[in-house]
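The residues of the chain are indexed from 1 along the displayed sequence. Only this structure's heavy atoms are used, side chains among them; waters, hydrogens and symmetry mates stay out.
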Amino acid sequence: MRAVPNWAVATAAAAPLLLVTGWTVAEARQPAGYDPVRDTISELAGHDAADAWIMITCLVLLGCCYLAVAAVLHAAGLPSRFLLAVGGVATIALVAFPRPTVGGSLSHGIVATVAVLALALWPAGSALWLPRGHDAGHPNRPEPPWAFRRTVGLSATVALLALFGWFAFEVTSGSRTGLAERVTAVAVSLWPLLAILSARRAHLAWVAGGAAPAGTAPIAGVVPPDPLRPADGPDGLT
């Protein structure tokens, strides 16, 4: 299990702050007719937005935060890290397909959908990749970080997909599109922070307690084997 650097925690924490700060400042620059409950975040970075560069900059930085977390969150496994990276790239790509002044944009809608779906599905990827819980075949191997346990990861994905469904409903039939989008965006931006804090806590506990059998203290100066690495022999690959 690799250490989670301090800058990664700060980067993950910056994601929701960038999002909320960006739309708050950008909203203050819009004409009086802009309604954050009705109107979307994308409109703040659209062609007809006042000072669109504010939201554009925040979206680019937000996507970079996701990419940075995906690069260092080794405990999540490659499938989840890939989905998180796709979400980051799609978030950045939103600025290349801005919402037009009149009507909708198919390309913008596709990129936005890819971004939200990738960010909603990545918790399930780690939940399916890691062990379900305590490994009876390897009793000395600790459980995965709590955010990556199967029940937690799948529950997070279900909740995020439910929020995405609410947003999709509001886009087609509702009048609170902006509110639904903001709640969904904040939710998907918070999970990388919770996941990286979980991995950091698990790593610190692993280093402090080691992977030795119960009642045996770890040898000072010796780093125990990675508890999440597949076991050698017939039960796993080296």
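When all heavy atoms of A120 and L161 are compared, the pair lying nearest together is CB-CD2, 3.9 Å. Nearest heavy-atom pair across A147 and W191 is O-CZ2, 3.6 Å. Looking at every heavy atom in both residues, L163 comes nearest to A187 through CD1-CB, 3.5 Å. Closest approach of S80 and G125 over heavy atoms only: OG-C, 2.9 Å. Shortest non-hydrogen contact noted between P98 and V95 is CD-O, 3.8 Å. The two residues R200 and V4 have their closest heavy-atom pair at NH1-O, 2.7 Å.
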Given V89 and L67, is the side-chain contact (heavy atoms from CB on, under 4.5 Å) satisfied, shown in steps?
-> CA-CA 7 Å; V89 171; L67 289 172; 3.9 Å; yes
Could you go through the side-chain contact (heavy atoms from CB on, under 4.5 Å) check for W166 and L179 one step at a time?
-> CA-CA 10 Å; W166 175 36; L179 176 62; 4.1 Å; yes
Between L83 and L119, is a side-chain contact (heavy atoms from CB on, under 4.5 Å) present by the stated rule, with each step listed?
-> CA-CA 7 Å; L83 285 173; L119 294 170; over 6 Å; no
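Remark: the backbone N or O of G178 is not paired with any side-chain donor or acceptor of T40 at under 3.5 angstrom. Judged purely by atom type and a 3.5 angstrom limit, E170 has no side-chain atom pairing as donor or acceptor with the backbone of A180. Proximity of a side-chain donor or acceptor of Q30 to a complementary backbone N or O of L44 within less than 3.5 Å is not detected. A distance-only check finds no donor-acceptor pair linking the side chain of S189 to the backbone of A15 [under 3.5 Å]. A donor-acceptor contact shorter than 3.5 Å is absent between the side chain of S107 and the backbone of F97. Without hydrogens or angle criteria, T21 side chain to L17 main chain gives a donor-acceptor distance under 3.5 Å. Not one N or O on the side chain of D51 forms a donor-acceptor pair closer than 3.5 Å with the backbone of W53. Judged purely by atom type and a 3.5 angstrom limit, T91 has no side-chain atom pairing as donor or acceptor with the backbone of G63.
Taking hydrophobic clusters as Ile, Leu, Val, Met, Phe, Trp and Tyr residues chained together by side-chain heavy-atom distances below 4.5 Å, L193 shares a cluster with V69. The cluster map of Ile, Leu, Val, Met, Phe, Trp and Tyr, joined by side-chain heavy atoms under 4.5 Å apart, puts L61 and W7 in different clusters. In this structure, Y34 is a member of the same hydrophobic cluster as M55, with clusters built from ILVMFWY side-chain heavy atoms closer than 4.5 Å. Transitive grouping of hydrophobic side chains (ILVMFWY, heavy atoms separated by less than 4.5 Å) keeps L18 and L59 in distinct clusters. Side-chain heavy atoms closer than 4.5 Å link hydrophobic residues (I, L, V, M, F, W, Y) into clusters, and following such links, possibly through other members, connects V72 to L62.
When each of V111, V116, L117 is checked for a side chain to side chain contact (heavy atoms under 4.5 Å, CB included) with T113, only L117 meets the rule.
Ion pair R38/E43 not flagged as a salt bridge, since none of the NZ, NE, NH1 or NH2 atoms sits closer than 4.0 Å to an Asp/Glu carboxylate oxygen.
The closest side-chain heavy-atom distance from V186 to W23 is below 4.5 Å. Side-chain atoms of V183 and F167, non-hydrogen and from C-beta on, never get closer than 4.5 Å to each other. A 4.5 Å side-chain heavy-atom check between T11 and I196 finds every atom pair outside the cut-off. Using a 4.5 Å heavy-atom cutoff, the side chains of F82 and L84 are not in contact. In this structure, H108 and S42 have side chains that are in contact, with non-hydrogen atoms separated by less than 4.5 Å. Taking the side chain as every heavy atom from C-beta outward, P36 and R182 approach each other to under 4.5 Å. Between L19 and C58, the closest side-chain pair of non-hydrogen atoms is not below 4.5 Å. The side-chain heavy atoms of P192 and Y66, taken from C-beta on, include a pair separated by under 4.5 Å.
Remark: S198 OG to R149 CZ distance equals 7.5 Å, nearest 0.5 Å. Atom CG of L160 sits about 9.5 Å away from atom CG of L190, to the nearest 0.5 Å. For the atom pair CH2 of W146 and OG1 of T151, the computed distance is 13.0 Å after rounding to the nearest 0.5 Å.
Stacking of R81 on the aromatic ring of W122 is not recorded, the 6.0 Å distance cut-off and the 45° axial limit not both being met.
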